Amino acid sequence: MRVGNIKDVAVIGAGDMGHGIAETALLGGLNVYLTDTTEENLQRGVANIEKSLVRMLSGGKISDETVAMAKKNLHPTLDFEEAVTKAQFVFEAVPEVLEIKQKLFQKLEELTSKETILATNTSSMLISQISQFLHHKERVVGLHFFNPVVVIPLVEVIKGKDTSSEVMQTAYDLCVKMHKTPVRVEKDSPSFIINRVNGPSRIYLGAVVDKGVAQPEEIDALIRYHGKPIGNFELCDHIGLDVIHDASEYRKGVLHPDYEPYEKLKEKVRLKEYGKKTGKGFYDWSNGRPTIDLSKRTDKVKIEDMDFIKFNEAVKLLEEGVSNVHDIDLAFRLTGDEKGPFEAVQNFELKEIVQRLEFLSDRYGKEILKPAKMLSEYYDDEQWLVGIGK
Ligand SMILES: NC(=O)c1ccc[n+]([C@@H]2O[C@H](COP(=O)([O-])OP(=O)(O)OC[C@H]3O[C@@H](n4cnc5c(N)ncnc54)[C@H](O)[C@@H]3O)[C@@H](O)[C@H]2O)c1
């Protein structure tokens with residue numbers, strides 16, 4: 001299947017991500033069948049698309065004609081079979097629960113022709129696990145969009161263990177047609193680029209909180225003080241602490257036991273304080289976005305530690321053949337960071353980074369913070385950034 005043959009797509013799940021993917025596909029000129037399990041969720045998704053189109057129209061980003069075309073091409077339906085049998089390309093955006101996704105893909109295999117491309121929007125799972133029970137695994141690909149989908153240009157295009165090169169290329173081309181900037185993830189590896197690189201610093205900051213070294217707001221104040229648009233804990237509240245918790249549990253199983261959710265996160269999930277969606281998480285969201293008092297910033301955490309930890313994990317992605325320096329930096333810039341993980345550390349001495357990582361790993365008892373093997377190879381090399389591929 002070539003991208004030119006794709007006219008009709010199905011989006012399964014009309015939640016936070018599904019409605020955004022559907023809207024993006026509509027803006028790319030595609031005919032969209034949007035489906036969900038309940039009328040309420042389906043209609044909420046449709047209303048969110050309409051609200052967003054109006055916002056874009058009044059902001060001058062799209063024309064009246066585009067809005068009319070998008071509305072005409074949107075087909076919400078509770079009839080799963082109708083939605084998927086008409087599509088040449090299916091986007092799955094149902095909850096991040098392996099069994100739900102596996103069952104759904106089996107159903108998709110039964111109902112669609114074997115040319116139909118099946119994409120999952122999983123944020124952490126191995127593509128080969130999701131496609132495990134299919135006969136034609138080569139047509140399953142990962143397409144990881146970011147929230148809010150219409151705003152963030154990045155899509156990670158993930159080649160599962162069995163994904164064919166043709167399917168990978170068509171998925172990539174379809175993202176371009178939808179006005180997105182795709183980045184290839186060449187190996188089936190959990191959490192891909194952005195979430196994988198961000199994972200260890202989240203665990204580190206959780207350990208800082210659990211040890212009583214600094215409070216979430218003090219850490220976020222430090223991050224915001226240094227010019228980032230959002231702090232770590234506010235972002236977790238925004239994503240949903242239940243989602244962060246479950247992703248951490250999954251990584252604990254497939255990547256490293258250090259991903260065990262930290263105590264404060266477990267406590268929040270026990271209390272069902274999931275963040276923005278429940279009105280309370282690390283912050284109170286009942287009056288909208290929390291105000292963070294920058295004067296409360298902690299002096300117990302060094303801001304560059306976050307960059308060192310991200311860089312270290314990014315180097316592990318190079319070692320594993322998941323991606324390359326250019327694409328990793330690009331992916332981070334596309335999600336709003338001023339610099340990618342390699343760009344962020346280029347004025348530091350490698351020795352300083354390695355020594356600091358060793359210190360943090362010992363201080364917090366986290367093996368995932370240990371310097372990547374490649375870093376010790378270049379420890380005494382002044383051209384270390386060139387050596388690792390920049
Ligand atoms: N929220 C984010 O920031 C984010 C970012 C990137 C990727 N993701 C991933 O996207 C996926 C969806 O996440 P979300 O945040 O949109 O979840 P969500 O809970 O907002 O929406 C999921 C929707 O799927 C529907 N659904 C459940 N089972 C279904 C089925 N069998 N058939 C059809 N619809 C079904 C639910 O009713 C719900 O409306 C997850 O895999 C998640 O990890 C989420």
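The first residue in the sequence is number 1, and the count goes up from there. Numbering of ligands and ligand atoms starts at 1, following listing order. Only a predicted model underlies this, so the values are computations on that prediction, with no experimental measurement involved.
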Ligand 1 N/O within reach of N147 N/O, cut-off under 3.5 Å: yes
For atom 11 (C) of ligand 1, the protein heavy atom that lies nearest, with its residue and separation: V94 O, 3.3 Å
Would you call N121 a ligand 1 contact, heavy-atom distance under 4.0 Å? yes
Note the single closest protein heavy atom to atom 22 (C) of ligand 1, along with its residue, its atom name and the distance in Å. A93 O, 3.6 Å
If you have a sec, work out which protein heavy atom is nearest atom 27 (C) of ligand 1 and how many Å separate them, to one decimal? P95 CD, 3.3 Å
At a 4.0 Å threshold, what atoms of ligand 1 neighbour a non-hydrogen atom of I12? 32 (N), 33 (C)
Please check whether D16 reaches ligand 1 - meaning an N/O of the residue sits under 3.5 Å from an N/O of the ligand, judged on distance alone. yes
Students often mix this up, so state it plainly: with edges at 30° and 60°, are the rings of F282 and Y262 parallel, tilted or perpendicular? parallel
Considering only heavy atoms from C-beta outward, does the side chain of E115 approach that of Q88 to under 4.5 Å? no
Among the heavy atoms of K101, does any lie under 4.0 Å from an atom of ligand 1? yes
Contact with ligand 1 for H19, non-hydrogen, under 4.0 angstrom: no
List the steps, then state whether side-chain contact (heavy atoms from CB on, under 4.5 Å) holds for K300 with E218. CA-CA 9 Å; K300 306 281 189 313; E218 296 168 336; over 6 Å; no
Here's one to test your reading of the geometry: is the NZ or CZ of K180 within 45 degrees of the ring axis of F145 and under 6.0 Å from its centre? no
For atom 30 (C) of ligand 1, the protein heavy atom that lies nearest, with its residue and separation: T37 CG2, 3.6 Å
In a check of ring pair (Phe, Tyr, Trp, His ring centres under 6.0 Å) between Y204 and each of Y364, F359, Y259, which one passes? Y364
Identify, by atom number and element, the atoms of ligand 1 in contact range of S123, meaning under 4.0 Å from any of its heavy atoms. 7 (C), 8 (N), 9 (C), 42 (C), 43 (O)
Identify the protein heavy atom lying closest to atom 24 (O) of ligand 1, giving its residue, its atom name and the separation to 0.1 Å. G13 CA, 3.6 Å
What protein heavy atom sits nearest atom 21 (O) of ligand 1, and how far off is it? G15 CA, 3.3 Å
Between R139 and T112, do the side chains contain an N or O donor and an N or O acceptor separated by less than 3.5 Å? yes
Could you walk me through whether F348 and F308 pass the ring-ring contact (aromatic ring centres under 6.0 Å, His included) check? CA-CA 9 Å; F348 287 93; F308 293 173; 4.9 Å; yes
Within the structure, does I239 bring an N/O atom to less than 3.5 angstrom of an N/O atom in ligand 1? no
Does one side chain, of S361 or E367, offer a donor that lies under 3.5 Å from an acceptor on the other? no
Enumerate the atoms of ligand 1 whose separation from the nearest heavy atom of E96 is less than 4.0 angstrom. 40 (C), 41 (O), 42 (C), 43 (O)
Among R251, H144, R196, which residue satisfies the side-chain hydrogen bond (donor to acceptor under 3.5 Å, both in side chains) criterion with S191? R251
Proximity of F145 to ligand 1 by residue part, where a heavy atom lies under 4.0 Å: backbone
Among all the protein's non-hydrogen atoms, which is closest to atom 31 (N) of ligand 1, and how far away is it? L104 CD1, 3.9 Å
Counting only heavy atoms on the protein side, is anything nearer than 4.0 Å to atom 17 (O) of ligand 1? no
Distance alone, cut at 3.5 Å: any donor-acceptor contact between the side chains of T77 and D79? no
Is there at least one pair of N or O atoms, one from E92 and one from ligand 1, spaced under 3.5 Å apart? no
With no hydrogens and no angle check, just 3.5 Å: does a side-chain donor-acceptor pair link S128 and D188? yes
If you measure from atom 34 (N) of ligand 1 to every heavy atom of V243, D36, N195, which option wins on shortest distance? D36
For a side-chain contact (heavy atoms from CB on, under 4.5 Å) with H19, tell me which candidate from I49, V46, V11 qualifies. I49
Return yes or no for this condition: an N or O of M17 is under 3.5 Å from an N or O of ligand 1. yes
Within the 4.0 Å heavy-atom shell around H144, which atoms of ligand 1 are there? 6 (C), 7 (C)
Indicate the ring-plane relationship of Y33 and H75, choosing parallel, tilted or perpendicular according to the 30° and 60° boundaries. parallel
